[in-house]
Every structure is written in structure tokens, then in C-alpha cells.
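To start, the structure under review is shown below, and the notes come after it.
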2 protein chains.
Amino acid sequence: MTANETPKSGTKTRYHHGDLRQALIAATRELLVERGAANFTLADACRLAGVSTAAPYKHFRDRLEVLEEIAEQGFNDLRERSGAAIATSGPGTLEGIIAMGQAYVAFAVAEPAVFRLMFGQNPALKKAKDVSDSGHACFAGVIDQVALFCSQNAVQGDAKAIALTLWTFVHGAACLLIDDDYQQVAPGLDVEALIRTAAPKLLVG
Amino acid sequence: MTANETPKSGTKTRYHHGDLRQALIAATRELLVERGAANFTLADACRLAGVSTAAPYKHFRDRLEVLEEIAEQGFNDLRERSGAAIATSGPGTLEGIIAMGQAYVAFAVAEPAVFRLMFGQNPALKKAKDVSDSGHACFAGVIDQVALFCSQNAVQGDAKAIALTLWTFVHGAACLLIDDDYQQVAPGLDVEALIRTAAPKLLVG
DNA sequence: CTTGCTAAGTTAGCATCACTAACTTATGTT
DNA sequence: AACATAAGTTAGTGATGCTAACTTAGCAAG
């Protein structure tokens, strides 16, 4: 008799106190922004949500399951942003590919903690099937898009290999940006320009 | 009367129990390899070194200071590896630049936890002056090397910008490799080949 | 050789955290 | 109106980071 399937009104109504599950996710995201995943404590998320420290375990197996859910939402978010970038810039075009790269970096900058959850090393998290599937779907979209460009522009060479190359570059840019590593050698670097310059080189070569 | 300056014999002799400072660093590195920085506990390092959990505070300010020292050693290690790669492949050559990139990735693969400490987000760690300086020196070497190539081969364009582009790509490859993200879309990818292909494209344009 | 200073260890204790168990509240159904 | 149960509570366990106060051991000077 899991009464989860038919909540009272529309989208978010749950039992007593409202939707604690989503409230905890929101609180966790807030804390992740402030202090990073390493220093985040579930107890503080409880305090933010105004519940006892035992309450989360009615909704989540683990401290980790909260992070899993956030990572999965992150992949959906990233896929939407990529899709939007392609849609406005034209599928299969150089501009579209570049816009996708910019969207990738923009996402990392907007949600660095979530980005690190998604791509950072966390074996327990990556083994979660939902997260793994979301990630795969996300990457598949990117690779397909690059393959489309290759076929439309008659670019020789393995489309998948090229896509991997582009992803590698854009991912590196995102990491170095959000981890403040660029600041050491090139403060105020224009990463958008960096991508705009490098993308065509890697695409045609 | 800090008696640290003139130890009894040569290099590592300290007071009673031997060199606990280095023993703790070694133990910490071991644990970092096994479980990553997030799940590492100082208490376990103490257990490995065979001392009480209060002992570290005679040698380190903090749990964090152990990590700072490891990060700093990591930058020195990376600089040595880069230097060796250049030395054997010829300074200012394409092969030299590529070898440096491979050395960067090889270091990340050999010491993923240390690599993450060095480049990952950890504001408290990056503010440590020793770590910051080591990092800067390391990057400066790389950039100089690329600049040398540019002048020797009469490549037009800003040498520093090109160096940043190369670093971005190689760093992305290292991250995606050690975080197991390539496995999702391209299991068994040959990263060395990826770098060998991309480097010339980014260098000349 | 003894005395004493002090670096380097110890045990004991604090506050916090993740998580569990057992109890209580309140909600929707019958 | 009664009840079954989802969703919350308090209380408790073991582990952690770190501190305070005590103990041990190495070195130097008298």
C-alpha cells in the first residue's frame, strides 16, 4: 500500500509536513554550493529544512542517495541545456557544436558542485544505475550531434573519436575553470574564446 | 630552542619514535589511493602508523595540513616528470610537447588521489602558500616550453594562449580518465593516441 | 651521573556526524 | 469512528576531528 502514486492535488503534495524529500534535496544543493560535497553534512541539510536529523532516513537510504538524486537531475539539466543550445544554433553546424560546448561550461559554472558530483570520482555514486543511465544518455546525445556534423560536412575520420576529442577539451576547460586553476597562470581568461578557437581545429584537423 | 634544525644523523632521524611526520604522510597517501580524499580519515592513518589519534597534532596543524604537504610534493613530482619527458624527447619539439602531455596524464593515472588534491576544488588547500607557489612554478615550466616551440617553429599566434589550450585538453583527458567517465561512452579508449592526434591540431591551427 | 628542559607521545574528554531503534503523530481509507 | 501506516520525533551507538592535561624519553649542562 505505498500511497506515493496518487498524491492529493497536483505535483508536490505529500503527507504531513509537505514534500520533505524535495526540501532536503533543495537544502543539500544549497549547502553544496556553499561548502562543496566534501564538507556537506546531512545534519545541516536537516537544520535548513527544519526537521530532525533522523527524518531523512524515511526518504533516503543514505547520505549518498541524496547526492545520487542530485547528480541524476544534473544530467537531465545538462541534456536540456545542450538541446536548447543546439536548437537555437542549428543542428549539425559548427556554431551548434560550439554552442553545446559553451552550454557545457556554462552548466559547470552555474552548478559547480553538481557538475563535480556528476563527473568527479565517486565509485559508489557512479554505480547507481539511474545516474549511470542518465550520464550515458547525455553523452550519447553529444556524440550523435557531432556525428551529424561530420556526415553533413563530409569530414573524414571517425566521428566518435572527434566527439571524444571535443568533449575532452571542453571538460578540461570546465574543470580548470570551476577549480580556479586558470587563476594561477591566466587570471581573467576568456574561456568562451578559448573554446571558439579550439573547436574548429579539433573538428577538421 | 626548537631542536629541529640539527637532527642526529643524516636525513630523517627525529626524536623518539622515528619520523612520524613522514610516516603519517605515507600512511595518508596509501589511504588516499584506496578510498579517495573524501573518505580518508586521519584516525585510520594513525592506525596505519601505529600511533594514537592525537599524535598527528604534534606535527600538523590540521587534517588539512597533511593534504597540503602531499599536494606540494605532487607538484614537485609532476615537474620532475615533465622535465624528464622534455629532456628525453627534445626541448621545443612537437614530440617533446606531446611527451609532456603524456607525462601529465601518466602522473594523474599513477597518483589519481594526489592529482585531485592538486587540481580539485579545495579552497582551504589552494590558499596555502606553499601549494600555490609549487603549482605556479609547475605551470610556468609548461608554458615556457610551449613558448620555446612556438619561437623555434615560427608559429604565429600567442604562445601562452596555445599553451593554455594544450593544458586544457590534456587536463580534460586526465580527469575523464581517472574519474572513469570515458568508460561510459568509450570503454578501453586509447588516451595516448587521443593526445597524439589532438596536440598537433591545437599547436598549429 | 644526575638533573632538568622540552619534543613527542599518551589517555581522556568534547562536540559533531551518520545511522538505527523504538515511540508518536496525523492522514487517508474502510 | 476506528485503524493501518507514512512520516515525523527522541534517544542512543560508534566513529571522527580536535583539545587539554599528563607521561615518557632524548639531549645538554652542571
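The analysis underlying the following values was restricted to heavy atoms, covering all of them including side chains, and did not include hydrogens, waters or symmetry mates. Convention: sequence-line order gives letters A, B, ...; per-chain numbering from 1.
Here B:Ser52 does not reach the OP1 or OP2 of C:dG9: none of its side-chain N or O atoms lies under 4.0 Å away. Between B:His59 and C:dA7 there is no side-chain polar atom (N or O) within less than 4.0 angstrom of OP1 or OP2.
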key: Base versus backbone protein contacts along nucleotides 15-22 of chain D [heavy-atom cut-off under 4.0 Å; B, S, -]   = -SSBB---
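Shown here are the side chain to side chain donor-acceptor pair (under 3.5 Å) partners of B:Asp180, two or more places apart in sequence or in another chain: there are none. Residues satisfying the side chain to side chain donor-acceptor pair (under 3.5 Å) criterion with B:Lys201, sequence neighbours excluded, are absent altogether. Applying the side chain to side chain contact (heavy atoms under 4.5 Å, CB included) rule to A:Thr93 yields the partners A:Glu95; only residues at least two apart in sequence or on another chain are considered. With sequence neighbours excluded, the residues forming a side chain to side chain donor-acceptor pair (under 3.5 Å) with A:Arg29 are A:Gln73, A:Glu111, listed by chain and number. Remark: B:Asp179 pairs with B:Arg116 by the salt bridge (Lys or Arg N to Asp or Glu O under 4.0 Å) rule, at least two apart or across chains.
Nucleotide D:dA7 holds its P atom 10 Å from the CG atom of A:Asp19, rounded to whole Å. Regarding B:Leu20, its CG atom lies at a distance of 15 Å from the C1' atom of D:dT24, rounded to whole Å. Whole-Å rounding puts the B:Asn39 CG to C:dA18 P distance at 13 Å. Nucleotide C:dA18 holds its C1' atom 15 Å from the CD atom of A:Glu65, rounded to whole Å. Whole-Å rounding puts the A:Arg35 CZ to C:dT16 C1' distance at 12 Å.
Ring geometry for B:Phe115 against B:Phe119 counts as tilted: the plane angle lies between 30° and 60°, on a 0 to 90° scale.
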